[in-house]
Amino acid sequence: MATKNKSRYLIYLLLGIIAILIGFAVVRAKSKPKGEEIEVEKVKRRTLRETVSASGKIFPEKEVKISSDVSGEIVELYVEEGDSVKAGQILAKIDPESYESAVEGSEASLNNMRSNLAMQRSAIENSKAQKEQIQAQLTNANRVHERNKQLLKDGVISTQDFEASESNVEQLQANLRSAEASYRSAVKAAEGAEFSVKSSEAQLKEIKTSLSRTTIAAPTAGVISKLNVEQGERVVGTIQMAGTEMMRLANFNSMEVQVEVSENDILRVSLGDTCDIEVDAYLDDKFKGVVTEIANSAANTGTGQVVLTSDQVTNFVVKIRIIQESYEKLLATTGNIPFRPGMSATVDIYTKTSSNVLSVPIASVTTRDDKEEDEDASTGSGNGEGEDEEEAEKKKEDDEEIKEVVFVFEADTARMTEVKTGIQDNEFIEILEGLKEGEEVVSAPYSAISRDIEAGDPLRKKDKKKEEEKKKE
C-alpha cells in the first residue's frame with residue numbers, strides 16, 4: 001500500500017514539473033520581443049556635397065622634354081637630376097667639330113659665289129659700255145649715210161662709195177643687236193649669281209644654326225626632374241626623326257594630379273570644381289585642388305584605332321591643380337617641394353552642393369517592384385481575352401515598375417513610403433519628396449531593408465545601451 005502511494009506521488013510530482021516548464025515556456029514566449037530588430041535614424045536637414053572619387057598620379061603642371069636638334073656626342077654635361085636651373089642656362093654641349101668644319105666650307109663657298117657675282121656684274125658693265133660704243137658708231141654712220149644720199153644725187157660720190165656707207169650702217173646695226181644680246185646674257189648671269197649667293201647664305205645660316213644648337217640651353221626656369229643621358233653618349237637629333245630625349249625640366253611650384261574618371265561620372269565634373277586630395281605619402285594631411293582640364297576623348301582611344309567593343313572600361317583624364325596654400329605648412333616644415341612626380345593620390349571632386357535639405361542614410365533607401373500592376377496583368381491573361389502566356393508574361397514585365405522606397409518606423413511597425421531622391425554624399429542621400437523632418441526611418445541592417453522587411457511588418461529598435469554594456473563586460 002505504501003509502495004502504491006509512493007508511485008502515485010512521483011507521478012503527480014513529474015506532472016507538476018512538466019506543467020511548470022510548459023507555463024514558463026508560454027510566459028517566456030509572450031514576453032519575447034516581436035518583430036525584426038532594426039536601427040533607426042531621424043530625417044534631418046543637412047548640407048550634402050555630391051562627390052566623384054578617383055585615383056591617379058602627381059605630375060608637374062608644366063614639364064618640358066628637352067632633346068637635341070642635332071646628332072653627335074655629348075662632350076659636356078653641366079647638370080644633374082634635381083638641379084635647379086634658370087632660363088637660358090647652358091645644360092649640355094654636343095661635339096661641334098663637324099659643324100664648325102661645315103661652317104668654314106660653307107663660308108668659302110659663299111665667298112666664291114660672291115666673287116662670281118662681282119665678275120658677272122663687271123661683265124654687265126663691259127657689255128653695257130660696248131653696246132653704248134656701237135650705238136654711237138651707228139648714229140654717226142647713219143648721219144654719214146644720209147649725207148651720202150644727197151651727194152650721190154648731186155654726183156659728188158660714186159655708187160660704190162654710197163653702197164660702202166650703207167653696208168657700214170647695216171654692219172653696225174648687227175653689232176648693236178649682238179651687244180644687246182650680250183648685255184641681256186650678262187644680266188641673266190648676274191641674276192643667277194645673286195641666287196647662288198642667296199642659296200649659299202641660307203646654307204651657311206642653317207649650318208651656323210646647327211652649330212649654335214650644339215649648345216643646349218634651358219628654355220625656362222625649373223628643376224631637372226629626369227636625366228636620361230650621360231657625358232660621352234651619342235644622341236640622335238630631332239631635325240629628321242624623333243630624336244633622343246635628354247632630360248626633362250619641370251616647374252615644381254605648380255603641381256597637378258591626373259586621374260581617370262569613368263564615363264558614368266565624367267558628365268558631372270566641370271571646370272573649376274573644388275577637390276579634396278589625399279596623397280599616400282602624407283596620410284595625415286588633406287590638400288585642396290581645382291579642376292583645370294577635362295579630356296574630350298577617352299584615355300583608351302589614343303591608339304589610332306577605332307575600338308567599337310565595350311569590353312574595356314572607358315575613362316577620361318581629368319587634371320586637378322593642387323592649390324599651393326593648402327600645403328604651405330609642409331613647405332615651411334621641409335623647406336623643399338613636398339610632391340614628386342609619380343606620387344599616388346586620391347581625389348574627391350565636389351560636383352554639386354545642396355544646403356539645408358532633408359536627408360536620410362543611403363542604406364535606408366531601397367527598391368521595390370510595383371506588384372499591384374503585375375497582379376492585374378496576371379489576372380487579365382486568364383480571363384478569356386485571348387492573351388496567351390507569353391504575351392501575359394511580356395505585359396507583366398513591361399508593366400513592372402521599380403520604386404525607391406524607405407521604411408518609416410511607426411507604432412512598432414514598418415510603413416513603406418515611396419520617395420524621390422536627389423544628390424548624395426558618402427553617407428546620406430537627399431529626399432525631395434515622400435518624407436517629413438523628424439520621422440524615423442529604418443537605417444540598418446541593410447539586408448533586412450533590401451529583402452526582408454515589408455509594409456506592416458512588426459519591428460523593434462535595437463537597444464544600443466545593452467550592446468555597449470555587453471562590449472564593456
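FYI, side chains are in, hydrogens and waters are out, and symmetry mates aren't considered; it's all heavy atoms of this structure.
- Residues Glu132 and Gln130 have side chains that never bring a donor and an acceptor to within less than 3.5 angstrom of each other.
- Take Glu437 and apply the salt bridge (Lys or Arg N to Asp or Glu O under 4.0 Å) test, not counting sequence neighbours, and it matches Arg45.
- In this structure, the separation between CE on Met113 and OG on Ser106 is 10.0 Å, given to the nearest 0.5 Å.
- Environment of CD in Glu100: crowded, with over 12 heavy atoms of neighbouring residues, nucleotides or ligands closer than 6.0 Å.
- Counting heavy-atom neighbours within 6.0 Å of Arg340 CZ, excluding the residue itself, gives a total of 12 or less.
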* **Full working for salt bridge (Lys or Arg N to Asp or Glu O under 4.0 Å) between Lys288 and Glu325** => CA-CA 8 Å; Lys288 298 295 181 181; Glu325 287 76 7; over 6 Å; no
* **Test side chain to side chain contact (heavy atoms under 4.5 Å, CB included) applied to Leu331 and Gln324, step by step** => CA-CA 9 Å; Leu331 286 173; Gln324 189 170 353; 3.7 Å; yes
Run the side-chain donor-acceptor check on residues 189-204: report pairs under 3.5 Å with partners two or more places apart or on a different chain.
residue : atom : partner : partner atom : Å
Glu194  : OE2  : Arg121  : NH2          : 3.1
Ser196  : OG   : Gly192  : O            : 3.1
Ser200  : OG   : Ser196  : O            : 3.1
Glu201  : OE2  : Arg114  : NH2          : 3.1

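- Checked against ring pair (Phe, Tyr, Trp, His ring centres under 6.0 Å), Phe287 has the following partners two or more places apart in sequence or in another chain: Phe339.
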* **Derivation of the side chain to side chain contact (heavy atoms under 4.5 Å, CB included) call for Val85 and Val79** => CA-CA 9 Å; Val85 298; Val79 293; 4.0 Å; yes
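- The local environment of CD in Glu230 is sparse, with at most 12 non-hydrogen atoms from other residues, nucleotides or ligands closer than 6.0 Å.
- With sequence neighbours excluded, the residues that form a side-chain hydrogen bond (donor to acceptor under 3.5 Å, both in side chains) with Ser158 are Asp161.
- For the atom pair CD1 (Ile124) and OG (Ser185), the distance works out to 9.5 Å, reported to the nearest 0.5 Å.
- Shown here is Glu170, whose CD atom has more than 12 heavy atoms of other residues, nucleotides or ligands within 6.0 Å.
- Listed by chain and number, the residues in a salt bridge (Lys or Arg N to Asp or Glu O under 4.0 Å) with Glu146 are Lys149 (sequence neighbours excluded).
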Output side-chain donor-acceptor pairs under 3.5 Å for residues 206-219, partner residues at least two apart or in another chain, one line each.
residue : atom : partner : partner atom : Å
Thr209  : OG1  : Lys205  : O            : 2.8
Ser210  : OG   : Glu206  : O            : 3.2
Ser212  : OG   : Thr209  : O            : 2.6
Arg213  : NE   : Asp69   : OD2          : 3.4
Thr214  : OG1  : Leu211  : O            : 2.4

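- Geometrically, Lys128 does not engage Tyr183 in a cation-pi contact, judged by NZ or CZ lying under 6.0 Å from the ring centre and within 45° of the ring axis.
- The nearest pair of heavy atoms linking Gln173 to Leu138 is CG-CD1, 3.5 Å.
- You'll find the side chain of Leu110 stays beyond 4.5 Å of the side chain of Asn112, heavy atoms only.
- Residue pairs that meet the ring-ring contact (aromatic ring centres under 6.0 Å, His included) test with at least one member in residues 196-218, sequence neighbours left out, do not exist here.
- Listed here is the closest heavy atom pair of Lys65 and Arg248: CE-NH2, 3.6 Å.
- Test Asp83, Val64, Leu91 against Met247 for side-chain contact (heavy atoms from CB on, under 4.5 Å) and you get one pass: Leu91.
- Every residue two or more places apart in sequence or in another chain was checked for a salt bridge (Lys or Arg N to Asp or Glu O under 4.0 Å) with Arg49, and none qualifies.
- Under the rule for a side-chain hydrogen bond (donor to acceptor under 3.5 Å, both in side chains), Glu430 has no partner lying at least two apart in sequence or in another chain.
- Side-chain contact between Val405 and Thr417 is absent, with no heavy atoms from C-beta onward closer than 4.5 Å.
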* Test side-chain hydrogen bond (donor to acceptor under 3.5 Å, both in side chains) on Gln231 and Glu233 and set out the steps. => CA-CA 6 Å; Gln231 184 172 332; Glu233 288 187 25; over 6 Å; no
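- Val291 and Val318 get closest at one heavy-atom pair: CG1-CG1, 3.8 Å.
- Residues Ile320 and Cys275 approach most closely at CG2-SG, 3.8 Å, considering heavy atoms.
- Inter-residue side-chain proximity for Thr421 and Ile431 is flagged as met; some heavy-atom pair is nearer than 4.5 Å.
- With rounding to the nearest 0.5 Å, the separation of CD in Glu50 from OG1 in Thr353 is 9.0 Å.
- Asp348 and Ser53 form a side-chain donor-acceptor contact under 3.5 Å, judged by distance and modelled atom types alone.
- Residues Ser344 and Lys57 have side chains that bring a donor and an acceptor to within less than 3.5 angstrom of each other.
- Contact between Ser364 and Ser443 at its shortest, heavy atoms only, is OG-CA, 3.3 Å.
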* **side chain to side chain contact (heavy atoms under 4.5 Å, CB included) assessment of Val223 paired with Ser225** => CA-CA 6 Å; Val223 177; Ser225 60; 5.6 Å; no
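- Annotation: the span from Gln133 atom CD to Asn175 atom CG amounts to 10.0 Å, rounded to 0.5 Å.
- The minimum heavy-atom distance linking Ala141 with Val169 is given by the pair O-CG2, 3.5 Å.
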* salt bridge (Lys or Arg N to Asp or Glu O under 4.0 Å) between Lys286 and Glu278, worked out -> CA-CA 5 Å; Lys286 269 191 177 182; Glu278 293 183 0; 3.7 Å; yes
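- Within the 3.5 Å criterion, the main-chain N or O of Leu172 finds no donor-acceptor partner in the side chain of Arg177.
- Note that OG1 of Thr51 and CD1 of Ile423 are 9.5 Å apart. Values are rounded to the nearest 0.5 Å.
- When atom types are taken as modelled, the side chain of Ser68 and the backbone of Val70 share a donor-acceptor pair closer than 3.5 angstrom.
- Separating the CZ atom in Arg451 from the OG1 atom in Thr366 is a distance of 10.0 Å, to the nearest 0.5 Å.
- Residues that satisfy the ring pair (Phe, Tyr, Trp, His ring centres under 6.0 Å) test with Phe162, not counting sequence neighbours, are His145.
- In this model, a donor atom of one side chain and an acceptor atom of the other lie less than 3.5 Å apart for Ser254 and Glu61.
- For residues 246-272, there are no ring-ring contact (aromatic ring centres under 6.0 Å, His included) pairs, not counting sequence neighbours.
- Under 3.5 Å, the side chains of Ser165 and Asn148 contain a donor-acceptor pair of N or O atoms.
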* To do: Kindly indicate, with the supporting measurements, whether the criterion side chain to side chain contact (heavy atoms under 4.5 Å, CB included) is fulfilled by Val441 and Leu435.
  => CA-CA 9 Å; Val441 297; Leu435 293 176; 4.0 Å; yes
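- For Lys319, the salt bridge (Lys or Arg N to Asp or Glu O under 4.0 Å) partners are Glu293, not counting sequence neighbours.
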